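One structure below.
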Amino acid sequence: GLKEMREGELEFLKNTVLAKSMEPLYICSDMPVEDMAEDEDFSRKYMFGLAMVLKKGLHIHIIHDVERPMKDMMLGLENWVPLYMTGQIHPYYLKGIHNQVYSHLHYSSGVVAMTGDCISGHHDLAHYYLTNNREESAICRKNMEFLLKKARPLMNIYREERKKELWAFLDAEAECEGRRRRILAAPPLFTIPEEMLAEILKRNQVTEDEQQQFLEYQKKQKDRMESVLRHSIVLDELPEISEKEYAGHPMILSVSECFLERDIQLSYEEYYACVKAAGIYGTKHENYQFRLTKVKGFHNIQITCYEEKWCMVSKNRVPAIHFVIHHPKLRYALENVRLP
(Lines give C-alpha, C1' and ligand atoms only; values in the text may rest on other atoms or scores of the structure.)
Protein backbone atom coordinates (compact mmCIF):
# COMPACT_ATOMS: atom_id res chain seq x y z
CA GLY A 1 0.00 0.00 0.00
CA LEU A 2 1.02 3.63 -0.56
CA LYS A 3 1.33 4.51 3.13
CA GLU A 4 3.64 1.56 3.81
CA MET A 5 5.68 2.21 0.67
CA ARG A 6 6.27 5.80 1.77
CA GLU A 7 7.40 4.55 5.17
CA GLY A 8 9.72 2.04 3.48
CA GLU A 9 11.40 4.68 1.29
CA LEU A 10 12.03 6.93 4.30
CA GLU A 11 13.33 4.00 6.35
CA PHE A 12 15.74 3.11 3.51
CA LEU A 13 17.16 6.65 3.48
CA LYS A 14 17.37 6.74 7.29
CA ASN A 15 19.35 3.46 7.38
CA THR A 16 21.65 4.73 4.61
CA VAL A 17 22.41 7.97 6.46
CA LEU A 18 22.97 6.36 9.87
CA ALA A 19 25.17 3.48 8.64
CA LYS A 20 28.96 3.71 8.82
CA SER A 21 29.29 2.63 5.19
CA MET A 22 30.38 5.28 2.65
CA GLU A 23 29.41 3.18 -0.38
CA PRO A 24 27.36 5.00 -3.05
CA LEU A 25 23.59 5.00 -3.16
CA TYR A 26 22.06 3.38 -6.27
CA ILE A 27 18.54 4.25 -7.44
CA CYS A 28 16.54 2.83 -10.34
CA SER A 29 12.76 3.04 -10.45
CA ASP A 30 10.02 3.30 -13.03
CA MET A 31 7.31 3.36 -10.36
CA PRO A 32 4.75 6.20 -10.62
CA VAL A 33 5.66 9.24 -8.52
CA GLU A 34 2.55 11.42 -8.71
CA ASP A 35 0.54 9.46 -6.13
CA MET A 36 3.52 9.38 -3.74
CA ALA A 37 4.08 13.13 -4.19
CA GLU A 38 0.47 13.91 -3.26
CA ASP A 39 1.54 13.49 0.37
CA GLU A 40 3.41 16.77 0.92
CA ASP A 41 4.75 15.66 4.30
CA PHE A 42 6.30 12.57 2.68
CA SER A 43 7.77 14.62 -0.19
CA ARG A 44 9.39 17.01 2.28
CA LYS A 45 10.84 14.18 4.37
CA TYR A 46 12.04 12.28 1.27
CA MET A 47 13.91 15.30 -0.11
CA PHE A 48 15.35 15.96 3.36
CA GLY A 49 16.55 12.33 3.45
CA LEU A 50 18.29 12.70 0.09
CA ALA A 51 19.87 15.96 1.26
CA MET A 52 21.23 14.17 4.36
CA VAL A 53 22.66 11.40 2.14
CA LEU A 54 24.54 14.08 0.17
CA LYS A 55 25.57 15.94 3.31
CA LYS A 56 27.08 12.69 4.60
CA GLY A 57 29.28 12.76 1.48
CA LEU A 58 27.76 9.83 -0.40
CA HIS A 59 27.47 9.82 -4.18
CA ILE A 60 24.16 8.88 -5.79
CA HIS A 61 24.02 6.87 -9.03
CA ILE A 62 20.51 7.21 -10.42
CA ILE A 63 19.00 5.66 -13.54
CA HIS A 64 16.18 8.02 -14.51
CA ASP A 65 13.07 6.71 -16.22
CA VAL A 66 12.85 9.10 -19.17
CA GLU A 67 9.75 7.39 -20.56
CA ARG A 68 7.56 8.64 -17.71
CA PRO A 69 4.42 10.70 -18.33
CA MET A 70 5.38 14.38 -18.67
CA LYS A 71 3.69 15.31 -15.37
CA ASP A 72 5.89 12.80 -13.52
CA MET A 73 8.98 14.13 -15.35
CA MET A 74 8.19 17.68 -14.24
CA LEU A 75 7.73 16.61 -10.62
CA GLY A 76 11.07 14.84 -10.68
CA LEU A 77 12.91 17.78 -12.22
CA GLU A 78 11.62 20.29 -9.69
CA ASN A 79 12.97 18.13 -6.87
CA TRP A 80 16.23 16.92 -8.38
CA VAL A 81 17.64 20.05 -10.09
CA PRO A 82 18.89 21.69 -6.84
CA LEU A 83 20.43 18.38 -5.68
CA TYR A 84 22.36 18.01 -8.95
CA MET A 85 24.28 21.16 -8.08
CA THR A 86 26.23 19.27 -5.39
CA GLY A 87 28.16 17.40 -8.10
CA GLN A 88 27.57 14.15 -6.15
CA ILE A 89 24.81 12.82 -8.42
CA HIS A 90 25.61 10.68 -11.47
CA PRO A 91 22.60 10.40 -13.84
CA TYR A 92 21.90 7.67 -16.41
CA TYR A 93 19.02 6.35 -18.49
CA LEU A 94 18.05 3.15 -20.27
CA LYS A 95 17.38 3.63 -23.97
CA GLY A 96 13.95 2.71 -25.26
CA ILE A 97 10.72 1.55 -23.63
CA HIS A 98 11.45 -1.68 -21.81
CA ASN A 99 8.15 -2.74 -20.31
CA GLN A 100 4.63 -1.32 -20.31
CA VAL A 101 3.19 -4.10 -18.15
CA TYR A 102 5.37 -4.11 -15.00
CA SER A 103 6.94 -1.35 -12.90
CA HIS A 104 10.02 -2.03 -10.79
CA LEU A 105 12.13 -0.40 -8.08
CA HIS A 106 15.74 -1.12 -7.05
CA TYR A 107 17.44 0.87 -4.27
CA SER A 108 20.82 -0.13 -2.85
CA SER A 109 23.34 1.36 -0.44
CA GLY A 110 26.12 -0.07 1.74
CA VAL A 111 24.01 -1.93 4.29
CA VAL A 112 20.40 -1.78 3.12
CA ALA A 113 18.43 -2.55 -0.03
CA MET A 114 14.87 -2.15 -1.22
CA THR A 115 13.09 -3.74 -4.17
CA GLY A 116 9.55 -3.36 -5.43
CA ASP A 117 7.21 -4.30 -8.25
CA CYS A 118 3.66 -3.82 -9.42
CA ILE A 119 1.46 -4.17 -12.48
CA SER A 120 1.52 -0.85 -14.33
CA GLY A 121 -1.48 1.26 -13.43
CA HIS A 122 -1.92 -0.44 -10.04
CA HIS A 123 0.73 1.19 -7.87
CA ASP A 124 -1.55 1.09 -4.83
CA LEU A 125 -1.17 -2.71 -4.83
CA ALA A 126 2.61 -2.70 -5.25
CA HIS A 127 4.84 -4.73 -2.96
CA TYR A 128 8.04 -3.18 -1.56
CA TYR A 129 10.66 -5.26 0.27
CA LEU A 130 13.20 -3.56 2.56
CA THR A 131 16.13 -5.56 3.96
CA ASN A 132 19.39 -5.10 5.82
CA ASN A 133 20.33 -8.76 5.35
CA ARG A 134 23.96 -8.71 4.21
CA GLU A 135 23.58 -11.34 1.47
CA GLU A 136 20.36 -9.86 0.06
CA SER A 137 21.86 -6.34 0.09
CA ALA A 138 24.94 -7.60 -1.79
CA ILE A 139 22.80 -9.26 -4.47
CA CYS A 140 20.74 -6.08 -4.93
CA ARG A 141 23.93 -4.00 -5.24
CA LYS A 142 25.31 -6.45 -7.84
CA ASN A 143 22.07 -6.16 -9.84
CA MET A 144 22.39 -2.36 -9.77
CA GLU A 145 25.94 -2.66 -11.12
CA PHE A 146 24.60 -4.82 -13.96
CA LEU A 147 21.90 -2.22 -14.69
CA LEU A 148 24.47 0.59 -14.81
CA LYS A 149 26.46 -1.32 -17.44
CA LYS A 150 23.34 -1.30 -19.65
CA ALA A 151 22.63 2.41 -19.02
CA ARG A 152 23.86 5.54 -20.80
CA PRO A 153 24.93 8.89 -19.30
CA LEU A 154 21.92 11.22 -19.28
CA MET A 155 23.89 14.45 -19.66
CA ASN A 156 27.35 15.96 -20.14
CA ILE A 157 28.72 17.31 -16.86
CA TYR A 158 31.33 20.09 -16.93
CA ARG A 159 33.48 21.02 -13.94
CA GLU A 160 36.66 23.11 -13.91
CA GLU A 161 38.82 20.35 -15.40
CA ARG A 162 36.55 20.38 -18.51
CA LYS A 163 36.43 24.18 -18.84
CA LYS A 164 38.02 24.29 -22.31
CA GLU A 165 35.61 21.63 -23.59
CA LEU A 166 32.63 23.66 -22.37
CA TRP A 167 33.96 26.84 -23.97
CA ALA A 168 34.58 25.05 -27.27
CA PHE A 169 31.02 23.65 -27.20
CA LEU A 170 29.46 27.08 -26.48
CA ASP A 171 31.62 28.83 -29.12
CA ALA A 172 30.60 26.31 -31.78
CA GLU A 173 26.91 26.52 -30.86
CA ALA A 174 27.01 30.33 -31.06
CA GLU A 175 27.29 30.00 -34.84
CA CYS A 176 24.06 27.97 -35.10
CA GLU A 177 20.67 29.59 -35.67
CA GLY A 178 17.89 29.00 -33.16
CA ARG A 179 15.96 30.79 -30.44
CA ARG A 180 17.55 30.87 -26.97
CA ARG A 181 15.82 31.42 -23.63
CA ARG A 182 17.64 31.81 -20.34
CA ILE A 183 16.10 31.71 -16.86
CA LEU A 184 18.62 33.73 -14.89
CA ALA A 185 19.51 33.79 -11.21
CA ALA A 186 21.42 37.10 -11.57
CA PRO A 187 21.73 39.90 -14.16
CA PRO A 188 23.56 38.83 -17.35
CA LEU A 189 27.32 39.33 -17.17
CA PHE A 190 27.83 40.48 -20.77
CA THR A 191 25.47 43.50 -20.48
CA ILE A 192 27.26 45.04 -17.47
CA PRO A 193 29.45 48.04 -18.41
CA GLU A 194 33.14 47.23 -17.90
CA GLU A 195 33.66 50.08 -15.43
CA MET A 196 30.69 48.93 -13.32
CA LEU A 197 31.94 45.32 -13.30
CA ALA A 198 35.42 46.48 -12.22
CA GLU A 199 33.86 48.37 -9.28
CA ILE A 200 31.79 45.32 -8.27
CA LEU A 201 34.89 43.09 -8.36
CA LYS A 202 36.92 45.64 -6.40
CA ARG A 203 34.23 45.88 -3.69
CA ASN A 204 34.31 42.06 -3.40
CA GLN A 205 38.10 42.28 -2.80
CA VAL A 206 38.99 40.44 -5.99
CA THR A 207 42.72 40.72 -6.74
CA GLU A 208 43.90 42.70 -9.77
CA ASP A 209 45.01 39.52 -11.57
CA GLU A 210 41.61 37.90 -10.98
CA GLN A 211 39.85 41.11 -12.04
CA GLN A 212 41.70 40.97 -15.34
CA GLN A 213 40.64 37.36 -15.87
CA PHE A 214 37.00 38.23 -15.11
CA LEU A 215 37.06 41.15 -17.54
CA GLU A 216 38.67 39.04 -20.26
CA TYR A 217 36.02 36.37 -19.81
CA GLN A 218 33.26 38.99 -19.88
CA LYS A 219 34.56 40.15 -23.28
CA LYS A 220 34.64 36.54 -24.49
CA GLN A 221 31.02 36.02 -23.38
CA LYS A 222 29.96 39.33 -24.97
CA ASP A 223 31.57 38.37 -28.29
CA ARG A 224 29.90 34.95 -28.16
CA MET A 225 26.48 36.47 -27.42
CA GLU A 226 26.79 39.02 -30.21
CA SER A 227 27.57 36.15 -32.61
CA VAL A 228 24.26 34.58 -31.58
CA LEU A 229 22.35 37.87 -31.84
CA ARG A 230 23.45 38.34 -35.45
CA HIS A 231 21.12 35.51 -36.47
CA SER A 232 18.87 34.53 -33.54
CA ILE A 233 16.67 35.84 -30.73
CA VAL A 234 17.81 35.56 -27.11
CA LEU A 235 15.27 36.03 -24.30
CA ASP A 236 16.65 36.57 -20.78
CA GLU A 237 14.27 36.36 -17.80
CA LEU A 238 15.28 37.55 -14.34
CA PRO A 239 13.18 37.67 -11.14
CA GLU A 240 12.15 41.12 -9.97
CA ILE A 241 13.02 41.39 -6.27
CA SER A 242 12.15 44.06 -3.75
CA GLU A 243 14.84 45.52 -1.50
CA LYS A 244 13.29 43.72 1.49
CA GLU A 245 13.34 40.34 -0.31
CA TYR A 246 16.87 40.99 -1.52
CA ALA A 247 18.15 41.31 2.05
CA GLY A 248 17.20 37.65 2.62
CA HIS A 249 18.61 36.34 -0.68
CA PRO A 250 21.27 38.64 -2.19
CA MET A 251 22.33 37.70 -5.72
CA ILE A 252 25.64 36.16 -6.72
CA LEU A 253 26.98 37.42 -10.05
CA SER A 254 26.81 34.74 -12.75
CA VAL A 255 30.50 34.01 -13.42
CA SER A 256 30.39 30.20 -13.26
CA GLU A 257 31.40 29.72 -16.90
CA CYS A 258 34.84 31.23 -16.26
CA PHE A 259 35.43 28.83 -13.30
CA LEU A 260 37.24 31.42 -11.18
CA GLU A 261 36.10 30.02 -7.87
CA ARG A 262 34.86 33.23 -6.26
CA ASP A 263 31.32 34.20 -5.22
CA ILE A 264 30.83 37.81 -6.34
CA GLN A 265 27.93 39.22 -4.33
CA LEU A 266 25.84 42.10 -5.65
CA SER A 267 24.41 44.80 -3.41
CA TYR A 268 20.78 45.75 -4.11
CA GLU A 269 21.94 49.00 -5.73
CA GLU A 270 24.32 47.02 -8.00
CA TYR A 271 21.55 44.54 -8.87
CA TYR A 272 19.26 47.44 -9.83
CA ALA A 273 22.04 49.11 -11.90
CA CYS A 274 22.79 45.80 -13.71
CA VAL A 275 19.07 45.35 -14.50
CA LYS A 276 19.01 48.86 -15.96
CA ALA A 277 22.14 48.08 -18.03
CA ALA A 278 20.52 44.92 -19.44
CA GLY A 279 17.48 46.96 -20.49
CA ILE A 280 19.70 49.50 -22.25
CA TYR A 281 21.59 46.68 -24.02
CA GLY A 282 18.23 45.39 -25.28
CA THR A 283 17.37 48.74 -26.88
CA LYS A 284 20.66 48.61 -28.81
CA HIS A 285 20.38 44.98 -29.99
CA GLU A 286 17.21 44.10 -31.87
CA ASN A 287 17.38 40.35 -31.21
CA TYR A 288 18.03 40.65 -27.47
CA GLN A 289 14.99 40.62 -25.17
CA PHE A 290 15.30 41.19 -21.42
CA ARG A 291 12.42 41.09 -18.99
CA LEU A 292 11.79 40.96 -15.26
CA THR A 293 9.34 38.34 -13.99
CA LYS A 294 7.34 37.80 -10.80
CA VAL A 295 8.50 34.16 -10.69
CA LYS A 296 11.34 33.84 -8.19
CA GLY A 297 13.05 30.81 -9.73
CA PHE A 298 15.89 28.80 -8.20
CA HIS A 299 18.40 30.70 -6.08
CA ASN A 300 21.82 30.57 -7.80
CA ILE A 301 20.73 28.13 -10.53
CA GLN A 302 20.53 29.25 -14.16
CA ILE A 303 18.80 27.40 -17.02
CA THR A 304 19.82 28.01 -20.64
CA CYS A 305 17.59 26.56 -23.36
CA TYR A 306 18.60 26.42 -27.02
CA GLU A 307 15.08 25.48 -28.04
CA GLU A 308 14.68 22.01 -29.58
CA LYS A 309 18.46 21.43 -29.37
CA TRP A 310 19.79 21.30 -25.78
CA CYS A 311 19.46 22.77 -22.29
CA MET A 312 22.17 23.68 -19.80
CA VAL A 313 21.66 23.89 -16.04
CA SER A 314 24.38 25.90 -14.26
CA LYS A 315 25.18 26.71 -10.65
CA ASN A 316 26.31 30.27 -9.93
CA ARG A 317 27.88 29.57 -6.54
CA VAL A 318 31.23 27.83 -6.15
CA PRO A 319 32.15 25.18 -7.00
CA ALA A 320 30.84 25.84 -10.51
CA ILE A 321 29.17 22.98 -12.37
CA HIS A 322 27.20 22.77 -15.64
CA PHE A 323 24.90 20.04 -17.00
CA VAL A 324 24.22 19.96 -20.76
CA ILE A 325 21.17 17.88 -21.69
CA HIS A 326 20.37 16.69 -25.22
CA HIS A 327 17.79 13.97 -24.47
CA PRO A 328 14.64 15.30 -26.22
CA LYS A 329 12.11 14.44 -23.52
CA LEU A 330 14.18 15.76 -20.63
CA ARG A 331 15.11 18.84 -22.66
CA TYR A 332 11.42 19.50 -23.36
CA ALA A 333 10.65 19.14 -19.66
CA LEU A 334 13.33 21.70 -18.79
CA GLU A 335 12.04 24.11 -21.44
CA ASN A 336 8.65 23.93 -19.71
CA VAL A 337 9.73 23.57 -16.07
CA ARG A 338 7.47 25.24 -13.49
CA LEU A 339 9.67 27.36 -11.26
CA PRO A 340 8.99 27.65 -7.52
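Count residues from 1 along the sequence. Every value quoted in this text rests on a predicted model; they were computed, and no experiment measured them.
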Using atom types as modelled and distance alone, determine if a side-chain donor or acceptor of [X] lies under 3.5 Å from a backbone N or O of [Y].
{"X": "E245", "Y": "S242", "value": "yes"}
{"X": "K202", "Y": "V206", "value": "no"}
{"X": "E9", "Y": "R6", "value": "no"}
{"X": "R262", "Y": "N204", "value": "yes"}
{"X": "S103", "Y": "M31", "value": "no"}
{"X": "K56", "Y": "A19", "value": "yes"}
{"X": "Q88", "Y": "L54", "value": "yes"}

Please determine if [X] and [Y] form a salt bridge, counting it only when a charged side-chain N lies under 4.0 Å from a carboxylate O.
{"X": "E307", "Y": "R331", "result": "no"}
{"X": "E199", "Y": "R203", "result": "no"}
{"X": "E145", "Y": "K142", "result": "yes"}
{"X": "E240", "Y": "K294", "result": "yes"}
{"X": "K220", "Y": "D223", "result": "no"}
{"X": "E173", "Y": "R224", "result": "no"}

Value for OH (Y129) from CG (L105), rounded to nearest 0.5 Å, stands at 14.5 Å
CG (D30) and NE2 (H64) are apart, to the nearest 0.5 Å, by 13.5 Å
| request: Taking atom types as modelled, find out whether E136 and T131 have a side-chain donor-acceptor pair closer than 3.5 angstrom. | output: yes
(Q) Regarding D236 and Y288, do their side chains bring together a donor and an acceptor under 3.5 Å, going by distance alone? (A)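 Y288 and D236 do have a side-chain donor-acceptor pair below 3.5 Å.
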Fill in: ring pair (Phe, Tyr, Trp, His ring centres under 6.0 Å) contacts touching residues 221-275 (sequence neighbours left out)
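Every ring pair (Phe, Tyr, Trp, His ring centres under 6.0 Å) pair that includes a residue of residues 221-275, provided the two are not neighbours, is Y246-Y268, Y246-Y271, H249-H299, F259-H322, Y268-Y271.
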Using atom types as modelled, flag every donor-acceptor pair under 3.5 Å from a side chain in residues 185-194 to any protein atom, sequence neighbours excluded.
unit_1, atom_1, unit_2, atom_2, d
T191, OG1, P188, O, 3.2

Worksheet item: Is it true that Y84 and F323 have ring centroids separated by less than 6.0 Å?
Response: yes
Exercise. Verify the ring-centre separation between W167 and Y217: is it less than 6.0 angstrom?
Key: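 Aromatic pair counts; centres sit under 6.0 Å.
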Quiz prompt | E161 atom CD: more than 12 heavy-atom contacts under 6.0 Å | solution = yes
Kindly write out the residues that satisfy side-chain contact (heavy atoms from CB on, under 4.5 Å) with H90, not counting sequence neighbours, or none if the list is empty.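 With sequence neighbours excluded, H90 shows a side-chain contact (heavy atoms from CB on, under 4.5 Å) to H59, H61, Y92, given in chain and number order.
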Between H104 and Y102, what is the ring plane arrangement, given parallel below 30°, perpendicular above 60°, and tilted in between?
->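 H104 vs Y102 ring planes: tilted.
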